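Notes for the one structure printed next.
Because the structure is a prediction, the values reported are computed rather than measured.
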Amino acid sequence: GQHFVAGMVSTLLVAKINQRWLEQNRSSSITFAMGFSFSLGLGKEFLDSGRKNNRFSWYDLLADTLGITAGLILFNMR
């Protein structure tokens, strides 16, 4: 659940910031937000895999991706 929410919120925030404050077009904002949010999730999993008693989780990465998708849907609803 936390990975889903983090993916959704980071995608929405980064896309909005890019579009409104950095004056990027809609397509560029979406592309950057998706890459940024996925990179955060992937980085988190690599960090987890290097910690004792932890591992890389494909399920967490899937939850990140679903959250990113939900964030994009919400971003495009306006």
Side-chain angles (χ1 to χ4, degrees):
Q2 292 174 343
H3 284 266
F4 178 86
V5 171
M8 181 179 66
V9 170
S10 66
T11 300
L12 269 172
L13 286 175
V14 170
K16 290 286 185 185
I17 288 168
N18 269 343
Q19 190 176 33
R20 291 192 180 175
W21 293 346
L22 301 178
E23 299 178 358
Q24 297 293 314
N25 64 40
R26 188 173 195 79
S27 177
S28 294
S29 296
I30 289 170
T31 302
F32 184 81
M34 286 178 8
F36 180 85
S37 297
F38 188 77
S39 295
L40 283 178
L42 188 60
K44 167 76 168 72
E45 292 312 310
F46 278 120
L47 283 173
D48 285 348
S49 69
R51 292 184 178 151
K52 188 175 179 176
N53 298 324
N54 215 333
R55 62 181 172 76
F56 188 99
S57 172
W58 290 102
Y59 292 110
D60 287 350
L61 202 55
L62 175 62
D64 292 328
T65 303
L66 292 173
I68 291 167
T69 303
L72 293 174
I73 291 169
L74 292 172
F75 181 76
N76 286 313
M77 288 181 68
R78 62 172 204 122

Shared hydrophobic cluster, Leu22 / Leu72 (ILVMFWY, side-chain heavy atoms < 4.5 Å): no
What distance do Ser57 atom OG and Lys44 atom NZ have between them, rounded to the nearest 0.5 Å? 9.0 Å
So which pairs with a foot in residues 44-71 pass ring-ring contact (aromatic ring centres under 6.0 Å, His included), sequence neighbours left out? Phe46-Phe56, Phe56-Trp58
Treating Ser29 as the side-chain partner and Gln19 as the backbone partner, does any N or O pair qualify as donor plus acceptor under 3.5 Å? yes
When you group the ILVMFWY residues by side-chain heavy-atom contacts below 4.5 Å and let the links chain together, are Met34 and Val5 in the same group? yes
To the nearest 0.5 Å, what is the distance between CG (Asn54) and CD (Glu45)? 8.0 Å
Return the minimal non-hydrogen interatomic distance between Ala15 and Ala33, and the atom names on each side. N-CB, 3.6 Å
Atom OG1 of Thr69 and atom CE of Met8: how far apart are they, to the nearest 0.5 Å? 11.5 Å
Out of curiosity, Leu74 CG to Met77 CE, how far, rounded to the nearest 0.5 Å? 6.5 Å
Between atom CG of Asp48 and atom CG of Leu61, what is the distance when rounded to the nearest 0.5 Å? 11.0 Å
Remaining members of hydrophobic cluster (4.5 Å side-chain criterion), Leu40: Val14, Phe32, Phe36
Closest non-hydrogen contact found for Leu12 with Phe75 is CD2-N, 3.7 Å
Candidate pair His3 and Leu66, rule side chain to side chain contact (heavy atoms under 4.5 Å, CB included), full reasoning: CA-CA 9 Å; His3 284 266; Leu66 292 173; over 6 Å; no
Using atom types as modelled and distance alone, determine if a side-chain donor or acceptor of Thr11 lies under 3.5 Å from a backbone N or O of Ser37. no
Pairs touching residues 52-64 that satisfy salt bridge (Lys or Arg N to Asp or Glu O under 4.0 Å), sequence neighbours left out: none
Rounding to 0.5 Å, atoms OG (Ser10) and CD1 (Ile68) come to a distance of 6.0 Å
